[in-house]
Amino acid sequence: MFAKLIGICATIFILGKVAGIGEEQMKYFTDIAKITLTQHEVNSIAHQIYGMTIVDGRIPDQSSEEWAKYIRANMKADIPGRDPAKDYWDTFYEIREVDQVPGLSKEGFIVKSCGPDTMENTEDDITSGYEYNH
């Protein structure tokens, strides 16, 4: 999947240059591809965390640095040299428990990217959530 999306990004770039698409339109199309890849990654990271040892029905209480280390150890970077603990805008993923997972009904956790604007808690944030099954 990643190779196909990277190929699509390259094709968009080449066609954009040939067709004379402006820089703003190129950024828009590139961000669409990055959003798709990031959504896949937050889902994969959340799935990986959900499968780990959960203590007392909760994910381990870890610092941002510990979560980044965990992601690096358990997730393969799809692009050589890319840090899998960061999204496609070079911002670290956030992992935290929440009282209610967005779109779900129970307590759980989310894996979150700040999205294209790289700012927290804005409309373009990309999240994946898991409910805890009690």
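Note that the coordinates shown come from a computational prediction; the quantities given were computed from them, not determined experimentally. Quick note: residue numbers are just sequence positions, from 1.
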Next item on the list: Check the pair Tyr88 / Ile126 against side-chain contact (heavy atoms from CB on, under 4.5 Å), numbers first and verdict last.
Entry: CA-CA 11 Å; Tyr88 284 84; Ile126 302 165; over 6 Å; no
Next item on the list: Starting from the C-alpha separation in whole Å, work towards a yes-or-no answer on side-chain contact (heavy atoms from CB on, under 4.5 Å) for Tyr130 and Val98.
Entry: CA-CA 10 Å; Tyr130 272 85; Val98 291; over 6 Å; no
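With sequence neighbours excluded, no residue forms a side-chain hydrogen bond (donor to acceptor under 3.5 Å, both in side chains) with Thr38. The side chain to side chain contact (heavy atoms under 4.5 Å, CB included) search around Glu66 returns Gln62, Ser63, not counting sequence neighbours. Residues passing the side-chain hydrogen bond (donor to acceptor under 3.5 Å, both in side chains) test with Gln39 are Asn43, sequence neighbours excluded. With sequence neighbours excluded, the residues forming a side chain to side chain contact (heavy atoms under 4.5 Å, CB included) with Ala85 are Ala68, Ile71, Arg72, Asp83, Phe92, listed by chain and number. The side-chain hydrogen bond (donor to acceptor under 3.5 Å, both in side chains) search around Tyr70 returns none, not counting sequence neighbours. With sequence neighbours left out, the salt bridge (Lys or Arg N to Asp or Glu O under 4.0 Å) criterion links Arg82 to Glu41, Asp78. Residues that satisfy the salt bridge (Lys or Arg N to Asp or Glu O under 4.0 Å) test with Asp90, not counting sequence neighbours, are Lys86. The side-chain hydrogen bond (donor to acceptor under 3.5 Å, both in side chains) check on Glu123 picks up nothing, with sequence neighbours excluded.
The CD1 atom of Ile95 sits 7.0 Å away from atom CD1 of Ile59, with the distance rounded to the nearest 0.5 Å. Rounded to the nearest 0.5 Å, atoms CG (Asp87) and NZ (Lys34) are 9.0 Å apart. A distance of 10.5 Å separates OH in Tyr93 from OG in Ser128, rounded to the nearest 0.5 Å. Note that CG of Asp31 and OG1 of Thr36 are 10.5 Å apart. Values are rounded to the nearest 0.5 Å. The distance from the OG atom of Ser113 to the CD1 atom of Ile45 is 9.5 Å, given to the nearest 0.5 Å. Taken to the nearest 0.5 Å, the SG atom of Cys114 stands 8.5 Å off from the CG atom of Asp124.
Pairs of residues two or more places apart, or lying in two chains, that qualify as salt bridge (charged side-chain N to carboxylate O under 4.0 Å, His left out) and include a residue from residues 110-120 are Lys112-Asp125.
For the pair Trp67 and Pro60, the minimum side-chain heavy-atom distance is below 4.5 Å.
Contact between Pro84 and Met75 at its shortest, heavy atoms only, is CG-O, 3.6 Å.
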